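Below is one structure, written out as structure tokens, with a few remarks after it.
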Amino acid sequence: MKFNKICILGLGYIGLPTATMFAANGVKVVGVDTNPHVIETLRAGRLHIHEPGLGEMLQKAIASGNLSVASAPEPADAFLIAVPTPFYENQTGEYRGQPYKKADMRAVTSATEAIVPHLRKGNLVVLESTSPPRTTVDLVVPILETCGLKAGSDFYVAYSPERVLPGQILRELVENARVIGGITPESAQAGVELYATFVRGPIHPTDATTAEMVKLMENTYRDVNIAIANEFARLAERFGVDVWEAIRLASLHPRVKILNPGPGVGGHCISVDPWFFVETAPDLAQLIWMARRVNDEQPHFVVEKVRRAFGQPLNGKRIAALGLAYKADVDDLRESPAVEVVHLLQQEGAVVTAFEPYKPENGLPGIHSAMSLEAALQSAEAVLFLVGHTQFRALTPAQLAALTPARILIDTVNVLTGSDWTAAGFQLWRLGAEKRING
Ligand code: SAJ
């Protein structure tokens, strides 16, 4: 099949790099977003998200005339849906008295509806948004068929999960293996031909529901493995063991690779996707559900640690919280456990000044953010490391001692390694190591 023009609905962390990549490879792309701010920013050649390398690529794509942005779809050879699928904030399901989170599919529904007036014979529609199993066949196809054409014979429909890592998106979009599930083998084949435009990794055709499940399995596998790392951290504290050392030694086994404990699991993927299994099969997804609970409780575990470091209630204590992003070296605060920790500390009466180097200007509602590391640290009694940003990892004891009167350091992400912090007068408390290290 020949794809001269494609329309990409949703210009976020996935849709925008994908649109830019297609445009850079010679395809005419119309990027569609319902948020006017996104459209204005992109038209001015600027980015509303942070992703290394994307800014230059976007400007070239716009200048070449291959990429344009619009607020509504238009006729094209293929349509890609890359809109968010968060869970409902105020609505939960319940199974045997336990609440579970439910996917909010309204953006997928309205993006699909927006395609209907433009759908022609021979078109391809691909859903990329992470979705509960069977979304393509049970939600997307029936909406598309309201145009009067038959999915699978008149037009093609496929599900293709994105698997890129924020911060590495441009490389991983090209190099990662890609799974493309069609509602028919011909639909999968059409999808393979579309993505072959820029994907250099192997492309694997399958059916749509398998592709949906594959995506959820990947992130659920990671969530469950982080949960066990977090549980190991709790156990290590109980037994007076340093979990980081124990993990390093256990991972010497050729078939064991333990992930890192931390303040919890955030981001828009791993903390969300496992719920799609729980929601659709709560009777079966018991282990997955428990892992979610362990990871969601982790910010409380951190607060308990901070309380122990002070040895007294946190009311009135001045704490510098370093990092608000959901993980190291990204600017994304979505579902961030660091933000949750700050809120919990404030509920205990602590006076928290946060510093997020990737978004110093963007104070979150209810969080007092400093514009610089210096400002965050200058009157703190304790410094709490919540994200392993490179900038924090590079701090030396002498630098930190010069920046803050605080002598209590609480490290939830193992950034304060390799130096003797005690010699510089600090007390170091690390997550997963109950005894004070070196002190
Ligand atoms: N985390 C830990 N310990 C670890 C690893 C991660 O606590 O050992 C935490 C991070 O700090 C963060 C969260 O887990 O809060 C998620 O981070 P991540 O780096 O594991 O994943 P994401 O959400 O940035 O990206 C994931 C990736 N999936 C997998 O690695 C299986 C990515 O490939 C997917 O494209 C993305 O989800 C997605 O969009 O689904």
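Being a predicted model, the structure only gives us computed values, none of them experimental. Numbers here are sequence positions counted from 1.
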ask   = With sequence neighbours left out, which residue pairs that include part of residues 244-265 fulfil the salt bridge (Lys or Arg N to Asp or Glu O under 4.0 Å) condition?
value = Glu245-Arg248
message = Testing the basics here: between Ser131 and Ser129, what is the closest heavy-atom pair and its distance to 0.1 Å?
response = OG-O, 2.8 Å
request  = For Thr34, enumerate each residue passing the side-chain contact (heavy atoms from CB on, under 4.5 Å) test, keeping only those at least two apart in sequence or located in another chain.
outcome  = none
ask   = Can you list every pair that meets ring-ring contact (aromatic ring centres under 6.0 Å, His included) and has a residue in residues 381-415, with sequence neighbours left out?
value = Tyr358-His389, His389-Phe392
inquiry  = Atom CZ of residue position Arg293 - does it have more than 12 heavy atoms of other residues, nucleotides or ligands inside 6.0 Å?
reply    = yes
Listed once per pair and sorted, the salt bridge (Lys or Arg N to Asp or Glu O under 4.0 Å) pairs that draw on residues 380-391, sequence neighbours left out = Arg318-Glu381
Glu212/Thr136 under side chain to side chain donor-acceptor pair (under 3.5 Å): CA gap, chis, key distance, verdict = CA-CA 8 Å; Glu212 290 166 346; Thr136 307; 2.5 Å; yes
Residue pairs fulfilling salt bridge (Lys or Arg N to Asp or Glu O under 4.0 Å) with at least one residue in residues 32-60, sequence neighbours excluded = none
request  = Measure the acute angle between the ring planes of Tyr195 and Phe22, then classify it against the limits of 30° and 60° as parallel, tilted or perpendicular.
outcome  = tilted
query = Is the side chain of Ser251 donor-acceptor paired with the backbone N or O of Ile258 at a distance under 3.5 Å, no angle test?
reply = yes
ask   = Between the side chain of His343 and the main-chain N/O of Gly366, is any donor-acceptor distance below 3.5 Å?
value = no
task = Give a yes or no on this: more than 12 heavy atoms of other residues, nucleotides or ligands lie within 6.0 Å of atom CE of Met213.
result = no
query = Heavy atoms, side chains only, cut-off 4.5 Å: are Pro337 and Gln298 in contact?
reply = no
request  = Using the side chain to side chain donor-acceptor pair (under 3.5 Å) rule, pick out the option among Arg106, Lys102, Lys101 that qualifies with Asp104.
outcome  = Arg106
message = Could you work out, with salt bridge (charged side-chain N to carboxylate O under 4.0 Å, His left out) as the rule, every residue matching Asp223, not counting sequence neighbours?
response = Arg292
ask   = At what distance, to the nearest 0.5 angstrom, does CG of Asp242 lie from CG of Leu431?
value = 10.5 Å
query = Does Met290 reach the side chain of Glu231, with side-chain heavy atoms less than 4.5 Å apart?
reply = no
request  = Anything under 30° is parallel, anything over 60° is perpendicular, the rest tilted; go ahead and classify Trp289 against Trp275.
outcome  = perpendicular
